[in-house]
Asks: 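Structure incoming, see below.
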Amino acid sequence: MLVAAIMDIVTSNCECVEKESFKPWLPGNAEMRDIAAAVQVIEEGDMHLDEGERNDDDDDGGRGMKGIGIKILEGTTAIGLSRTSEHMTLDHSNDTPSELDRDTPRTFALMNKHGSSVEQANLSAAVVPGLWDDLHSQHVAVPFATWALANWAMASEINRSHIEELDRDGEAVMCALLAPERSVKWHGSLVARLLLEDHNLPLNDSVSDWASSLLSTASHASKNEDISLSQMALSAFIVAVERSHQARRTVMEKGLELMRVTAKITSKHQQVQEALAKALELLSTEDSHLSIEESQKWSGILLSWVFGKSSSNEIRSSAIRILSCILEDHGPSSVPISQGWLALLLNDILVSSKPSSVKEGIDKVKTQIDQSNILSAGQTTNQLAVAVVNMAGNWLTGSVDTVPLADLLSLDPFAGPFKNLKKDNPPKLDVADSALATLKGIKALTEICAEDSLLQDKITDLGLLCLLRRYLLRDDYEKLAAIEAYDASRAPEAQERVSSTEGEVSSSNANTPSSVRVPPTAHIRRHAARLLAILSLLPKVQKVIAADETWCNWLEDCADGKISSINDLKIRSYARAILLNVICHQQIGIDSVNSGPENGSRDGTSICPSYDDMIFLINPERPHWKCCGKDQSSVQKDKSSSNEVGSTNSDSTAVTQVSDVSDSSKSFNVSNNDADSEIPQMDIVFVHGLRGGPYKTWRIAEDKSSTKSGLVEKIDEEAGKLGTFWPGEWLSADFPQARLFSLKYKTNLTQWSGASLPLQEVSSMLLKKLVAAGIGSRPVVFVTHSLGGLVVKQMLFKAKAENMDDLVNNTVGVVFYSCPHFGSKLADMPWRMGLVLRPAPTIGELRSGSPRLVQLNDFLRRLHKKQMLQVLSFCETKVTPIVEGYGGWAFRMEIVPIESAYPGFGELVVLESTDHINSCKPLSRSDPSYTETLEFLRKLKAQYT
């Protein structure tokens, strides 16, 4: 039957569109009367046949019947009937067959031929008669008209223009969206989407009503598991929200709860989740934003989208952008969400990082370190979960089940602590403890991912950059602490009012302003900067930072010391390293596209220097740090003049790129003449020793023969004046021709402080990072203390063995402060008392007479004999306190005697009344431990540059 066939087409049409393989059945130049007929049918629910005067021009051949016809399928006309005041008969017995065939529409004739008298009676008495489906005995005018309208809308822009003109108030589309038939809703949603996607058409006033109806349709369809209808309705809903401010406003006021319900019941349907995520992103990132209560209600769903195993990249990206806006909009109030995000990140990484079985040798030590990091991260995850639950409980005003963060707290690892939350006595908010948990979380994440590029890539995809940006640029915990202090100051007044009302004195255990602890925000920022420095070597991270002008400007101001609240030298170094990583690699990417790929230098190093968290840039505000490019100022001993010309061109290009990435007001872009005067002629690398650090080892001394610490594991923890750093304060001014670096690596005296890598592994790791940073492309001098001297010797030995000639050939000098070239008495003692002190592997390699130490010294002796490098050694003369007890008792020893501090070649300076820890800490600029080093550097500069 014709109508049945048409309905089959309508159904198959729907399925094809759902599969995105549909091509419109109807022409792109539809007649206005046909579109008008469809619009009228949809609005009024039927098609009309009106009796009127006989007219030979009428469609019925002048029989006094007027109707609305829609010409489809190569001219076939479909009509509908309406109830009239008189009985309408379908009997044309007086007409000849030829007249019937000529004058009667096909569908009308078929209905007359096959219809019984009962059917005719039903038809004449129908309240909403219309196009008749003789197969299913039902009227299908509205479904058919909606199908036709959707096909016309898809066929051409002209058709869409006619539809919009005939339905200016949007009533026809609205009627289709509210219709009970599924196919009408589906095609009505398609018509709405097509009209809204056409930006040449004006928006009508019903778009906000469309949006509400589309969302309702999607929700009901989802409950009935009609996913295809839900998808179509949501696709139109997204366009409505995108184009109409009023639609966004309406949904924000009335539709967010419905969206949440739909998101929960369609968690297994990725396409619906994608549509909801996209719609919520449009709602929360445009001119309207989620309130803090709505943000908390959505946080569980958003974070489930981020960490869901079935979440697509589109869902995850939308969720991350929404969460980022929430953190930006609500600041301190969003801390439970950001903290929960961090906890879920750690939890996800722990699931991915299953500890491997313990092996022997170096692998055994690495496994121990990995296991220790994973164990610590697990404990930190639990602390973060408790902190999130406690903060949510502190803000609780009603039932636990109605807390806005309930969906978030139902996730693992929050579910356990949330279940144990005391409803009648919620825990007090302690901002310092909450901030400390966040600090531990960042540190744990860094330790696990520092050397694992796959995990780094994963945590980046899970939105870590949004958290790091927040930790660096904002002070949420400081603001929370201020709120806590204010509340504590008001508590006595509130308590007095309660006491006076009750007529008795009530004790209060609330905090007082003086008892509010300061959260470790500076440490949070430092470790966030460290983790960002590690991640900034990833191309995807470089693109994100380069595109964020606010972030780039903050990093530049931080590196230049222009942010008054940030005086931490490590943070400033990290900021400059991040900028150099971002800018240089972005420029290299542009150059490689323009001029083809480059393979780097002959020793396998990258063209562009890469700075990670173990290499610190001293005085990062200096002009020479604002230009990137490994070879821009290279003065290798074997470098040709042609290479120097190439370096100049590379420098000019690099400076231009910096100017493009950052604010034009910044002083990145310098002229070539000015740049030439600032080009460093030498690199100086400081390497600390046992229990030292990149900055604390090189402090200015207060007393050359004492330390503040009485424990062997804190041997270099507090020596010297806190906050001082002579390489940055003195050497950079007295010797401005050099770039200054300081290295960091982990060392322990005993295994009680945790596992640490042996000397060879430490040296190999640092060598790789030095070469990646471009150190060795110009003359380099290493300034070392204690074990640091052996680390440098081992690095040079390995570089020579692996043909890294640039670093070996360009190392022109080494300064040794109390270096145990032939072993240390400190290393001998733990081996005799091994059961007590459990010496670390590195200490075992420092025993007196170690063959490995003799081999390394002979290697350096040969380089010195060939005049490839110069050596300056310093020797301590006083014993160093190792363990101090009560009553002034102390165990002291000479850690590196003179026979071990002098390698047998080069210059030796004996430091009077100086112990091991203070040998590298000058009292003043006139101290021999500084003046001799400065003179040594000046001689090398004159000789090699």
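Keep in mind it's a predicted model, so treat the numbers as computed, not measured.
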Asks: Verify side chain to side chain contact (heavy atoms under 4.5 Å, CB included) between Leu350 and Ile448, making sure each step is shown before the conclusion.
Replies: CA-CA 9 Å; Leu350 287 174; Ile448 291 178; 4.1 Å; yes
Asks: Against Leu290, only a single residue in Thr285, Asp329, Ile322 fulfils side chain to side chain contact (heavy atoms under 4.5 Å, CB included); can you say which?
Replies: Ile322
Asks: Angle class for the Phe741/Tyr611 ring planes (parallel below 30°, perpendicular above 60°, tilted otherwise)?
Replies: parallel
Asks: Please say whether more than 12 non-hydrogen atoms of neighbouring residues, nucleotides or ligands are located less than 6.0 Å from CD in Glu729.
Replies: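 Above 12, so yes.
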Asks: Would you confirm whether the ring centroid of His688 sits within less than 6.0 angstrom of the ring centroid of Tyr695?
Replies: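 Between Tyr695 and His688, the centre distance exceeds or equals 6.0 Å.
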Asks: Which pairs of donor and acceptor atoms, one on a side chain in residues 529-540, lie under 3.5 Å apart (sequence neighbours left out)?
Replies:
{"unit_1": "Arg530", "atom_1": "NE", "unit_2": "Asp613", "atom_2": "OD2", "d": "2.7"}
{"unit_1": "Arg530", "atom_1": "NH1", "unit_2": "Glu447", "atom_2": "OE2", "d": "3.1"}
{"unit_1": "Arg530", "atom_1": "NH2", "unit_2": "Asp613", "atom_2": "OD2", "d": "3.0"}
{"unit_1": "Ser536", "atom_1": "OG", "unit_2": "Ala533", "atom_2": "O", "d": "2.7"}
{"unit_1": "Ser536", "atom_1": "OG", "unit_2": "Asn581", "atom_2": "ND2", "d": "2.9"}
{"unit_1": "Lys540", "atom_1": "NZ", "unit_2": "Asp457", "atom_2": "OD1", "d": "2.9"}
{"unit_1": "Lys540", "atom_1": "NZ", "unit_2": "Asp457", "atom_2": "OD2", "d": "3.4"}
{"unit_1": "Lys540", "atom_1": "NZ", "unit_2": "Asp461", "atom_2": "OD1", "d": "2.7"}
{"unit_1": "Lys540", "atom_1": "NZ", "unit_2": "Asp461", "atom_2": "OD2", "d": "3.4"}

Asks: Report, as yes or no, whether the 6.0 Å neighbourhood of atom NE2 on His289 holds more than 12 heavy atoms from other residues, nucleotides or ligands.
Replies: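 It does: His289 NE2 has more than 12 such atoms within range.
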Asks: Could you check whether Glu556 pairs with Lys562 (Lys NZ or Arg NE/NH1/NH2 to Asp/Glu carboxylate O, under 4.0 Å)?
Replies: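 Between Lys562 and Glu556 there is no salt bridge, as every charged N stays at least 4.0 Å from the carboxylate O atoms.
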Asks: Does Lys570, at its NZ atom, have more than 12 non-hydrogen atoms belonging to other residues, nucleotides or ligands within less than 6.0 Å?
Replies: yes
Asks: Using 4.0 Å as the upper bound for N to carboxylate O, is an ion pair formed by Asp568 and Arg525?
Replies: no
Asks: Report, as yes or no, whether the 6.0 Å neighbourhood of atom CZ on Arg260 holds more than 12 heavy atoms from other residues, nucleotides or ligands.
Replies: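 Yes - once you tally the heavy atoms of other residues, nucleotides and ligands closer than 6.0 Å, there are more than 12.
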Asks: Taking Lys278 first and then Glu274, would you say they form a salt bridge - that is, a charged N and a carboxylate O separated by under 4.0 Å?
Replies: no
Asks: Would you call Glu328 and Arg470 a salt bridge, using N to O less than 4.0 angstrom?
Replies: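 Counted as a salt bridge, because a side-chain N and a carboxylate O are separated by less than 4.0 Å.
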Asks: Looking at Asp612 and Lys768, does any basic side-chain N land under 4.0 Å from a carboxylate oxygen?
Replies: no
